Amino acid sequence: MAEEIKVILPDGATRSLPAGTTGGELAALIGRRLGEAAIAVAVDGELWDLSRPLFAGAKVRIVTDDTDEGRAVLRHSTAHVMAQAVTELWPGARFAIGPPIADGFYYDFELPGGASFSDSDLERIEEKMRQIVGEAQPFVREEHTAEEGLELFSDQPYKKEVIESLPAGEQVTAYRNTDRFVDLCRGPHVPSTARLGHFKLTRVAGAYWRGDEKRQQLQRIYGTAWESVAALEAHLKRLEEAEARDHRRLGTELDLFSFPSEIGSGLAVFHPKGGIVRLAMEDYSRARHEAAGYEFVYSPHISKSNLFETSGHLDWFADGMFPPMELDDAQRYYLKPMNCPFHILIFKSRSRSYRELPLRMFEFGSVYRYEKSGVVHGLTRVRGMTQDDAHIFVTREQMPGELQSTLAFVLDLLRDYGLEEFYLELSTRPEAKAVGSEEEWAEATEALRQAALAMNLELVLDEGGGAFYGPKISVQAKDAIGRTWQLSTLQLDFQMPQRFEMEYVGPDNARHRPIMLHRALFGSVERFFGVLLEHYAGAFPTWLAPVQASVLPVRDDHAPYAAEVSHRLSAVGLRVETLQATEPLGGRIRRAKLEKVPYVLVVGDDDVAAHTVGVNARGSERPERGVSLDELVAHLGADAAPPFRRSRPTAASGAQ
RNA sequence: GCCCGGGUAGCUCAACGGCAGAGCGUCCGCCUUGUAAGCGGUUGAUAGGGGUUCAAUUCCCCUCCCGGGCUCCA
């Protein structure tokens, strides 16, 4: 009789097995299908290869290939196969790291003679990979001492560096695929390359060794890999969908905005259709801010250098600023990267009483930032943008309440723009560098935490992630296809009030320093515009849509009635266009639909006679004939109203 | 900034180193139309600069602009 061991399964049951039984064998014993789907085994929470023998008392969980954990294993193994393919195609290639990432994997290489990959190489590499998969090479785990590892990878400097960075005395592991390829790796891996095959190499890129731009730049290849053809295809489909709602593409298709190269990188112009959307966005924001007790200020785009010396921007933000303009008297002027110093000067324009606080100054402020040329991206990363910026000056006692009401206001407003799902991130004191006392930080961080908790949302801690001048909360929003965007930030600032020696007179008739809160909801109007455009895939809700209704007379002689319909709708505030009968109805409907107009209204003989309209609403299956004009005007008038007039009788319940 | 790829008409895309083309759009006619493409015509482009060549959209260099990426750490 062979010796027996007992292992514990996830449901708490124990199972007796012959000593030496591996995770893979256990999976097959539990069930044939589980045995086939198994890709690794979690032993006491640690992922193991299926081929490793289990030990007595182990808590064992079989990991299948259709889970995130399982896919990470097969992606990691696919990365090894890619590395083998590359080393066979480019003898002497050095390889660095090749981890699984969300939806795929990458591997970094340094090719002999400083060569680099081009897109056309991907096909060759894929072909080689398929060959390796076809060979059903086993992944064999080996354990070595660090010294043996250094010897084994003597011609692989990146691997050696990894080994040298490990704690002294630690064992290293390697995985061998036949005698042609061995890679330093923690594992685990699939038992054989035959388990792989549903992959696609997606792009080549440069990447710095260990992400450090001072170090060697390597050649990175990204790929994706899945447990089945169906899963791979579903993934590629999702990518297509995301591409179809890319705001840069929709911006061109819907004639909303563009980036004329004559102007410069990262500098957008909004066309009339985009302009009206933006106007609607901004008007609503203004109305809500006004109702919430904000005051409106305006400030110029440029300033003498001394302002940014006082604010500290030239010390810690100079890299993000455009170079200065030199004037005749050797005075230097800068484009402003932030609005705060200007608002502070408004605060300081006269003495302030505690009775004026909280003082909330709002501005759609244009700022300019010198983003590195490689990072500008559509509307989401630009060099010139408009922040929906406000600075709130409060007493220390007012801070907790103001934070909470501001956060409530922010979330309420974002919901009005149609975003539904959020989580919050709290960034705390960076240990290395921070101004202000420990007590100040603790108090402010706690106030932020309490405000966040009051929102009943998931709160993620970003330990040490705050700026040196204060902690912050950022609002992360999920869009219609599940992507998260960092939007609003609420930032406390201990630095500026000090640097500018801001003061107010308290009830004790003594001078006190106010606390300053920076906050933006959209982040920038441009970026938020892009986020909403992607969120709605171009189909803005009626109140934001550039054209809210298109009126289509069937024949020329219906034009007078079409004009009446148009006038009635305009009178209740709708943006209406009329497509005259210069081409057949089908073509005009198609054009209006492609422009994602919420209501396409067709009027013909029946409608003229009965004072009705044919309504083809966006998203509905069938058009509705014979809707009375009065009814239509009432319905569309309500649908086109901004959210707070519609659903919020106590409009601005936000900040008190 | 750095690596890879790219820039042809308003848009989407063609064109061995040898006359730069199509569809959509624009504009003009005709058609007079009931729920996602009527017909005909018209207009319109090689990002900018330099080089190689008898000849450059095509090959080389520079500038500008765009796209992907630049630690989810063996």
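Per chain, numbering begins at 1; letters A, B, ... match sequence-line order. Just so you know, these numbers come straight off a predicted model, no measurement behind them.
Contact annotation for A:E262: no contact, since no heavy-atom pair falls under 4.0 Å across all strands. Among the heavy atoms of the strands, none lies under 4.0 Å from A:D108. No contact: A:T202 has no heavy atom under 4.0 Å from any strand. In this structure, A:G149 reaches neither bases nor backbone, as no heavy-atom distance under 4.0 Å exists between it and the strands shown. A:G104 comes within contact range of no nucleotide atom at all, as no heavy-atom separation falls under 4.0 Å.
Between A:E595 and the choices A:R618, A:K273, A:R590, the salt bridge (charged side-chain N to carboxylate O under 4.0 Å, His left out) rule is met once, by A:K273.
Summarising the geometry, the separation between CZ on A:R203 and P on B:G68 is reported as 9 Å, rounded to the nearest angstrom. Atom CG of A:L579 is separated from atom C1' of B:U35 by 13 Å (rounded to the nearest Å). Spacing between atom CD of A:E595 and atom C1' of B:A37 amounts to 14 Å, rounded to whole angstrom units. Counting to the nearest Å, the P atom of B:C28 and the CD atom of A:E583 are 14 Å from each other. For the pair A:F259 CZ and B:C64 P, the interatomic distance rounds to 19 Å; values are reported in whole Å. Nucleotide B:G68 holds its P atom 13 Å from the CG atom of A:L239, rounded to whole Å. A:L218 places its CG atom 13 Å from the P atom of B:C4, with the value rounded to the nearest Å. Rounded to an integer number of Å, the gap from CG of A:L111 to P of B:C4 is 11 Å.
Using atom C1' as the reference point in both B:U57 and B:A45, the two lie 11 Å apart (nearest Å). Taking the P atom of each, B:A14 and B:U8 are spaced 10 Å apart, rounded to whole Å. Distance check on atom P: B:A56 versus B:G69 gives 38 Å, rounded to whole Å. Nucleotides B:U26 and B:A20 place their P atoms 28 Å apart, quoted to the nearest Å. With P as the reference atom, B:C65 and B:C24 are 35 Å apart, rounded to whole Å. For the C1' atom pair drawn from B:G6 and B:U52, the interatomic distance equals 23 Å after rounding to whole Å. Between the C1' atoms of B:A22 and B:A36, the separation comes to 23 Å (whole Å). Taking atom C1' on both nucleotides, B:C19 is separated from B:C61 by 29 Å, rounded to a whole Å.
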Checklist entry - After noting the C-alpha distance and the side-chain angles of A:E143 and A:R141, does the key distance pass the salt bridge (charged side-chain N to carboxylate O under 4.0 Å, His left out) rule? => result CA-CA 7 Å; A:E143 292 192 14; A:R141 185 171 187 274; 2.9 Å; yes
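Here A:F270 and A:F529 bring their ring centres to under 6.0 angstrom of each other. The aromatic ring centres of A:W90 and A:F95 sit 6.0 Å or more apart. In this structure, A:Y334 has its ring center no closer than 6.0 Å to that of A:Y368. The distance between the ring centers of A:Y107 and A:F105 does not fall below 6.0 angstrom. Remark: aromatic rings of A:W226 and A:F199 are distant, center separation not under 6.0 Å.
The pair A:R210-A:D212 does not count as a salt bridge, with every side-chain nitrogen at least 4.0 angstrom from each carboxylate oxygen. A salt bridge does not link A:R588 to A:E583: none of the charged nitrogens lies less than 4.0 Å from a carboxylate oxygen. For A:R215 and A:E161, the salt-bridge test passes: some basic side-chain N is under 4.0 Å from an acidic carboxylate O. Salt bridge status for A:R238 with A:E240: absent, with no side-chain N to carboxylate O gap under 4.0 Å. Ion pair A:D183/A:K159 flagged as a salt bridge, since at least one NZ, NE, NH1 or NH2 atom sits closer than 4.0 Å to an Asp/Glu carboxylate oxygen.
Comparing A:S265 and A:G604, the nucleotide of RNA chain B nearest to each residue sits closer to the 5' end for A:G604.
Below 30°, between 30° and 60°, or above 60°: for A:F259 and A:F257 the angle between ring planes is above 60°, a perpendicular geometry.
Distances shown here put a side-chain N or O of A:S116 below 4.0 Å from the OP1 or OP2 atom of B:C4. For the OP1/OP2 pair of B:G34 and a distance below 4.0 Å, the side-chain nitrogens and oxygens of A:R555 include no atom meeting the criterion. Distances shorter than 4.0 Å separate none of the side-chain N or O atoms of A:R381 from OP1 or OP2 on B:G67. The phosphate of B:U32 (OP1 or OP2) has no side-chain N or O of A:H558 nearer than 4.0 angstrom.
For A:D607 against B:G34, a side-chain N or O and a base N or O form a donor-acceptor pair under 3.5 Å.
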Pairs: protein N or O with nucleotides 8-13 of chain B N or O, under 3.5 Å:
none

Pairs under 3.5 Å (N/O, protein and nucleotides 70-74 of chain B):
residue : atom : partner : partner atom : Å
B:C70   : OP1  : A:Y222  : OH           : 3.1
B:C70   : O4'  : A:G206  : O            : 3.2
B:C70   : O2'  : A:Y208  : N            : 3.1
B:U71   : N3   : A:R210  : O            : 3.4
B:C72   : N3   : A:A102  : N            : 3.3
B:A74   : OP1  : A:R186  : NH2          : 2.2
B:A74   : OP2  : A:R186  : NH2          : 3.4
B:A74   : O2'  : A:L184  : O            : 2.5
B:A74   : O2'  : A:C185  : N            : 3.2
B:A74   : O2'  : A:R186  : N            : 3.4

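The side chain of A:S261 lies closest to B:C65 when the candidates are B:C65, B:C3, B:G1. Minimum atom distance to the side chain of A:K372 is reached by B:G1, of the listed B:G34, B:G69, B:G1.
Residues from residues 615-630 of chain A lying near RNA chain B, meaning a heavy-atom separation below 4.0 Å, are A:N616, A:P623, A:R625 in numerical order.
Under a cutoff of 6.0 Å and an axis angle of 45°, A:R176 and A:F181 do not form a cation-pi pair.
Remark: A:E227 engages A:R71 in a salt bridge (Lys or Arg N to Asp or Glu O under 4.0 Å) (not counting sequence neighbours).
Taken to the nearest 0.5 Å, the OH atom of A:Y423 stands 8.5 Å off from the CD atom of A:Q486.
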Checklist entry - So what does the secondary structure string of RNA chain B come out as, 5' to 3', with Watson-Crick or wobble pairs under 3.5 angstrom, [ ] for crossing and | for pairs with another strand? => result (((((((..((((....[..))))(.((((.......)))).)...(((((..]....))))))))))))....
Show me the donor-acceptor pairs, under 3.5 Å and distance only, between side chains in residues 598-616 of chain A and residues at least two apart or in other chains.
residue : atom : partner : partner atom : Å
A:Y599  : OH   : A:D639  : OD2          : 2.7
A:D605  : OD1  : A:R555  : NH2          : 3.0
A:D605  : OD1  : A:H558  : NE2          : 2.7
A:D605  : OD2  : A:R555  : NH1          : 3.4
A:D606  : OD2  : A:R625  : NH2          : 2.9
A:D607  : OD1  : A:T612  : OG1          : 2.6
A:D607  : OD1  : A:V613  : N            : 3.2
A:D607  : OD2  : A:G604  : N            : 3.0
A:H611  : NE2  : A:E564  : OE2          : 3.0
A:N616  : OD1  : A:K593  : NZ           : 2.7

